[in-house]
Amino acid sequence: MDKRYDAKAAEAKWYPIWENNGYFHAEPSEGGTPYSVVIPPPNVTGILHMGHALNQTIQDVLVRWRRMSGFNTLWLPGTDHAGIATQNVVEKALKKEGKRRQDLGREAFVARVWEWKKQYGGTIVHQQRMLGNSTDWKRERFTFDEGCSKAVAKVFCQLYNEGLIYKGNYIVNWCPRCGTALANDEVEHEPNHGHFWYIRYPVVGSAKGTQGEPYKDYVMVATTRPETLPGDTAVAVNPKDERYAHLLGKTVILPLTGREIPVIADDYVDREFGTGIVKITPAHDPNDFLVGKRHNLAEINIMNDDGSMNELAGAKYCGMDRWKCREAIVADLEAGGFLDHIEDLDNQVGHCYRCHEVVESRLSKQWFVKMKPLAEPAIEAVKSGEVRFVPDRWSKIYFNWMNNIQDWCISRQLWWGHRIPAYTCSKCGELIVSETAPTKCPKCGATENPDIPENPDSPDRVFQRDPDVLDTWFSSWLWPFSTMGWPEKTDDLNFYYPTTDLVTAQDIIFFWVARMMMAGIHFMKKPPFKNIVIHGIVRDAQGRKMSKSLGNSLDPLELIDTYSADALRFSLALITSLDCDTKVDKSKFEIGRNFATKIWNAARFMEMNRSEIPDNPENPEIPGEGFSQLSPDEKHILYACDLACRKVNDLLEKYRIQDGALAVYDFFWTQICDWFVEYAKDAPDKARAFAILRDVYWKALRLLHPYMPFVTEEVAHQLGYLKDGETILKAEFPKGLSDEEKAKLGLTEEIYDFVNAKREAITALRALRAEYKVNPAAFVKVTIDARDAATADRLRAEEANLKAFMRAEVVEIVSDGADRAMPGTLTKLGTVYLSLEGLIDKAAEAKRVAAELEKTRGFIKSIDAKLSNENFVAHAPAAIVEGQKTKRAELVENVARLEKLAKLFA
RNA sequence: GGGCUAUUAGCUCAGUUGGUUAGAGCGCUUCCUUGACAUGGAAGAGGUCAGUAGUUCGAAUCUACUAUAGCCCACCA
């Protein structure tokens with residue numbers, strides 16, 4: 001084996017072997033118990049970021065573990081067509097050529113996006129391979145592929161026919177840059193340092209004044225959006241506001257336009273805020289829109305799609321950008337004497353979650369899904385426990401949202417996406433919703449033009465298709481079943497649906513998870529998954545979200561390059577917790593890299609000692625025969641291995657990925673490397689020790705494989721655990737020994753504890769050596785005062801081992817409790833004495849003993865307090881009380897020893 | 001405004017039905033290049049578990065309040 005582990009070479013070698021041999025592929029026909037997961041499809045424009053790395057590491061750990069545990073395991077990959085994001089990317093590319101999408105026309109533009117997808121859309125799926133994801137690539141899907149598109153059209157039509165989809169004039173969030181409506185949750189509100197403009201609206205009939213006060217009688221309106229003024233159709237006051245009661249029924253003049261608008265009363269107005277008088281602009285504010293509906297006000301839309309003003313804003317402002325218009329209107333108001341004053345105001349402004357442009361509220365015709373009827377059974381599924389959130393607290397947040405759910409605006413004014421399957425008959429205006437283009441109008445009987453123009457959007461077509469596309473989530477919410485072939489009745493659906501686990505970050509619970517629940521229940525009659533595993537977000541060392549604009553992102557590919565994919569995965573698993581966000585910085589990944597190195601070096605050690613290992617290729621497992629005389633250390637490692645196997649399975653069952661990683665890490669590093677390998681070097685029966693080492697190492701490799709797939713596969717082959725053509729992916733995940741096996745091997749808790757105690761004695765001796773600065777190479781004389789004769793006998797049997805670990809020429813074991821003129825350190829076994837002629841610093845030793853005495857006495861005191869408390873004795877479980885008594889006896893014994901020592905050093 | 005979460009060692013975090021005087025990794029200090037491994041080994045220092053009050057024989061753990069931080073939802077024109 002090479003001196004250094006070449007992670008790059010191993011990772012480049014194994015992934016294609018795994019993929020090409022179909023190790024990730026799952027077949028329903030193979031039967032067994034299904035375990036299935038669908039990947040949260042990353043945007044096809046995406047590049048792998050730390051969030052993906054964390055999300056997919058968790059999934060791959062679960063998936064590989066289940067697969068090794070014998071489940072028929074499917075992890076289904078794919079990408080999302082990501083409407084706005086992808087369209088933006090291609091539009092940006094076009095811009096470099098000096099073109100806009102309109103220059104190409106719809107068809108050519110969409111073709112161009114497909115071309116882009118073909119060329120660059122594979123980036124992220126390639127990068128996912130670098131991570132080691134064991135996804136079934138033969139099943140890779142795309143939310144805009146043929147099958148998914150069919151599912152989308154069917155779902156739209158079904159919901160429409162069920163009356164759950166409707167088209168309505170509605171105030172929506174509008175991104176002028178993307179030129180599309182946005183759902184409420186696609187708008188991010190951010191603090192903004194803005195202004196509050198106080199504007200005078202003259203009351204009709206009031207006399208004109210002089211010197212900058214053009215009207216004697218006016219109402220003062222405060223607004224943050226002066227540019228929407230030409231769209232005002234009323235001013236409103238609170239009905240209970242006596243200050244303005246006299247104004248009700250009157251009209252005021254809208255400055256700059258001269259239009260008369262009414263003063264109305266509405267509860268929406270907050271008397272305390274601003275002046276208590278609000279301008280009402282129904283076409284440009286969601287609240288004003290509702291007020292307008294209540295009062296039957298006109299809705300004047302003064303803005304174009306791109307955020308510029310239209311002719312309704314007035315000739316002067318028509319064509320101006322909204323910000324320019326704001327300046328112009330403010331200037332004109334001032335010139336006209338309408339502007340009273342300006343105040344600073346901190347408020348919140350909505351931004352597009354994709355392009356970050358300031359979002360405009362705007363009146364338009366959009367398609368909506370009625371969510372309440374879909375939400376109810378989805379709430380019930382979680383309430384009943386049929387679907388479980390892990391951690392459970394997310395269910396509260398889910399309920400909170402679901403109970404207050406709003407209708408979902410699903411139409412987007414984009415070109416890239418699933419076209420809405422709705423057509424208008426140009427003869428009679430009938431709206432026809434149909435999966436395929438209609439040929440005959442159900443109302444007027446008109447038929448499609450016999451020479452249908454090739455262009456689907458040709459004005460010559462009789463049936464004009466709705467130009468809008470669907471929100472990208474309208475395809476993602478079908479992901480768990482559209483990817484398995486729905487609406488066909490496929491074997492995949494039959495076997496793998498519902499999926500077992502869904503693993504995702506908290507930020508898309510509403511966008512995606514909740515909607516998948518609704519779609520799954522509505523269309524499949526079963527929730528799409530059993531467990532929803534929510535993990536935190538990856539943050540930088542200061543706890544900030546990683547983002548491009550902050551420049552604080554870590555690039556997983558760079559980390560893979562520097563530390564290896566295994567290191568990235570293991571470190572992420574080790575530092576992540578389902579309960580909170582994960583802070584990472586580069587140095588964390590050294591943990592994983594160092595661990596891989598450790599595994600490699602331990603493997604090299606075994607390889608160098610190959611001659612010691614009995615040739616037993618048929619049975620690399622625990623040798624059952626001829627091993628009845630296992631030494632305590634050998635029993636200890638087998639016992640520890642059994643504990644580790646049980647622990648890891650148990651923890652993964654509970655989705656405790658982090659604790660599982662820690663358990664494997666500790667077993668491998670501390671138990672195997674630090675102690676057992678050292679033991680094996682000088683074992684009384686080297687063949688036996690190495691056979692056991694070989695066994696536990698192989699188990700450890702398999703326990704580790706879900707976390708570190710590459711190095712475990714490489715080492716398993718290097719050490720001959722696997723032959724060519726075999727893979728650790730399909731090796732059995734260790735479960736732990738049966739009681740019979742344990743009994744046969746003599747593995748008991750008692751022997752495990754004994755070895756742990758022996759190690760404490762060794763550690764105590766090492767501490768003494770360090771404290772007295774004994775030459776590390778020097779052999780010393782050691783005396784161990786065991787607590788009792790039986791322990792002493794046991795320790796005598798370990799003499800060679802103790803000598804080796806303590807680097808001692810003599811280890812004398814006694815149990816007489818006699819004074820020894822040497823310093824000691826207390827251990828469970830008693831006292832360890834080190835012969836140090838002439839090295840003792842009596843004063844220092846006295847101080848140390850005094851400190852220890854004080855501590856021990858304090859301990860005894862606290863135990864006495866408990867034991868003398870009648871309530872404690874009466875209420876505490878017997879085991880606890882007994883434990884306290886035993887502990888007390890030990891401590892009293894130690895105090896006696898310490899007192900003797902204290903006298904010696906006095 | 002409504003809701004959720006966190007606060008434990010210098011840092012990042014464990015601590016799963018309340019039960020020995022609280023653990024890990026990193027960092028730090030000292031020593032060690034002895035043939036698996038310096039991406040290593042050995043030893044060590046370091047915490048009144050945010051605060052207050054309560055429940056209990058017993059609280060890092062349960063309850064209430066307070067402080068601080070963060071997140072989500074709704075949003076003031």
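All chains are named by letter (A, B, ...) in the order of the sequence lines, taking the proteins before the strands, and each is independently numbered beginning at 1. Scope of the values below: all heavy atoms of this structure, side chains included, with no hydrogens, waters or symmetry mates.
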When you look at A/K279 and A/T228, which way does the side chain to side chain donor-acceptor pair (under 3.5 Å) test go after all the steps?
-> CA-CA 10 Å; A/K279 69 194 220 29; A/T228 64; 2.7 Å; yes
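For the P atom pair drawn from B/rA6 and B/rU63, the interatomic distance equals 11 Å after rounding to whole Å. Using P as the reference atom, B/rA59 and B/rG18 are 13 Å apart when rounded to the nearest Å. Nucleotides B/rA45 and B/rU29 place their C1' atoms 7 Å apart, quoted to the nearest Å. Spacing of C1' atoms, B/rC49 relative to B/rA9, comes out at 10 Å, to the nearest Å. The same atom, P, is picked in B/rC57 and in B/rC13; the two are 37 Å apart, to the nearest Å. Here the separation of B/rU8 from B/rC32, taken at their P atoms, is 37 Å to the nearest Å. Comparing the P positions of B/rG3 and B/rG40 gives a spacing of 49 Å, expressed to the nearest Å. Straight-line distance between the P atoms of B/rC4 and B/rG51: roughly 24 Å, to the nearest whole Å.
The six-membered or imidazole ring of A/Y5 lies near that of A/W600, with a centre-to-centre distance under 6.0 Å. Aromatic pair A/F690/A/F605: centroids less than 6.0 angstrom apart. Aromatic ring centres of A/F595 and A/F668: separated by under 6.0 Å. Taking the ring centroids of A/F196 and A/F273, they lie under the 6.0 Å cut-off.
Using a cut-off of 4.0 Å between Lys/Arg side-chain N and Asp/Glu carboxylate O, A/R200 and A/D340 are scored as salt-bridged. One finds a salt bridge joining A/R243 and A/D241 here, because a Lys/Arg side-chain nitrogen approaches an Asp/Glu carboxylate oxygen to under 4.0 Å. One finds no salt bridge joining A/E809 and A/K803 here, because no Lys/Arg side-chain nitrogen approaches an Asp/Glu carboxylate oxygen to under 4.0 Å. Taking a cutoff of 4.0 Å between a charged side-chain nitrogen and a carboxylate oxygen, A/D392 and A/R388 do not qualify as a salt bridge. A salt bridge between A/E678 and A/K681 is present, with a side-chain N of the basic residue lying under 4.0 Å from a carboxylate O of the acidic one. Remark: A/K758 does not engage A/E760 in a salt bridge, criterion side-chain N to carboxylate O under 4.0 Å.
Remark: P of B/rC32 and CZ of A/R807 are 14 Å apart, rounded to the nearest angstrom. Residue A/L867 contributes atom CG, which lies 18 Å from atom P of B/rG19 at whole-angstrom precision. Rounded to a whole Å, the CZ atom of A/R656 is 16 Å from the P atom of B/rC13. Taking atom CE of residue A/M402 and atom C1' of nucleotide B/rC73, one finds them 15 Å apart after rounding to whole Å. Taking atom CZ on A/R694 and atom P on B/rA36, their separation rounds to 19 Å, with Å as the unit. What separates CZ of A/F676 from P of B/rG41 is a distance of 18 Å, to the nearest Å. Atom CG in A/N400 sits roughly 6 Å away from atom C1' in B/rG3 (whole-Å rounding). Between the CE atom of A/M606 and the P atom of B/rG35 there is a distance of 21 Å, rounded to whole Å.
Both A/A603 and A/T275 lie near RNA chain B, and the one whose nearest nucleotide falls closer to the 5' end is A/A603. For the pair A/R225 and A/F605, nearest-nucleotide mapping onto RNA chain B gives the more 5' position to A/F605.
Across the strands present, B/rG40 finds its partner in B/rC32; the criterion is a Watson-Crick or G-U wobble pair with both atom distances under 3.5 angstrom. Across all strands shown, the partner of B/rG1 is B/rC73, judged by Watson-Crick or G-U wobble contacts whose two distances both fall under 3.5 Å. Nucleotide B/rG25 is matched to B/rC11 when pairs are restricted to Watson-Crick or G-U wobble geometry with both distances under 3.5 angstrom. Base pairing analysis places B/rG47 opposite nothing; no Watson-Crick or G-U wobble pair with both distances below 3.5 Å involves it. Across all strands shown, B/rU68 pairs with B/rA6; the Watson-Crick or G-U wobble distances both stay below 3.5 Å. Shown here, B/rC62 forms a base pair with B/rG54; the pair counts as Watson-Crick or G-U wobble because both key distances fall under 3.5 Å.
Comparing B/rG3, B/rG44, B/rC72 by their closest approach to the side chain of A/F510 singles out B/rC72. Nearest nucleotide to the side chain of A/V278, out of B/rA77, B/rC4, B/rA43: B/rA77. Closest to the A/Q884 side chain, of the nucleotides B/rG35, B/rG44, B/rU20, is B/rU20. Of the candidate nucleotides B/rC75, B/rA36, B/rA77, B/rC75 has the atom nearest to the side chain of A/N287. Closest approach to the A/I880 side chain among B/rC76, B/rA42, B/rG19 is made by B/rG19 (side chain taken as heavy atoms from C-beta onward). The nucleotide whose nearest atom lies closest to any side-chain atom of A/D674 is, among B/rU16, B/rA42, B/rC72, B/rA42. The nucleotide whose nearest atom lies closest to any side-chain atom of A/Q658 is, among B/rU16, B/rC37, B/rC13, B/rC13. When each of B/rA36, B/rU39, B/rA77 is scored by its nearest atom to the side-chain atoms of A/T597, the top-ranked nucleotide is B/rU39.
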Using a 4.0 Å heavy-atom cut-off, write out nucleotides 23-31 of chain B from 5' to 3' as B (base contacted by protein), S (sugar-phosphate only) or - (no contact).
-> --S------
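Heavy atoms of A/R593 sit under 4.0 angstrom from at least one base atom. When heavy atoms are screened at a 4.0 angstrom cut-off, A/W669 is found touching the sugar-phosphate backbone but no base atom. Residue contacts for A/E882: at a heavy-atom cut-off of 4.0 Å it reaches no nucleic acid atom on any strand shown. Residue contacts shown for A/K681 include a base, since a base heavy atom lies under 4.0 Å away. Note on A/A777: nothing from the nucleic acid sits closer than 4.0 angstrom, heavy atoms only. Residue-level contact check: A/V677 touches the bases, meaning some heavy atom is under 4.0 Å from a base atom. If you check every strand for non-hydrogen atoms under 4.0 Å, A/G194 touches nothing. Within 4.0 Å of A/Y268, counting heavy atoms only, lies at least one base atom of the nucleic acid.
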Contact list (N/O, under 3.5 angstrom) for nucleotides 53-59 of chain B vs protein:
residue, atom, partner, partner atom, Å
B/rC57, O2', A/N869, ND2, 2.7

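With hydrogens and angles ignored, the 3.5 Å screen pairs no side-chain donor or acceptor of A/H195 with any backbone N or O of A/R225. Using modelled atom types, one side-chain atom of A/R569 and one backbone atom of A/Y707 make a donor-acceptor pair closer than 3.5 Å. Side-chain atoms of A/D285 do not come within 3.5 Å of backbone N or O of A/T281 as any donor-acceptor pair.
Put simply, the side chain of A/K396 and the base of B/rC4 share no donor and acceptor less than 3.5 Å apart.
At B/rA6, none of the side-chain N or O atoms of A/R393 fall inside 4.0 Å of OP1 or OP2 (strictly under the cut-off). Put simply, A/K3 has a side-chain N or O that comes within less than 4.0 Å of OP1 or OP2 on B/rC37. Taking only side-chain nitrogens and oxygens, A/T224 never comes nearer than 4.0 Å to OP1 or OP2 of B/rC76.
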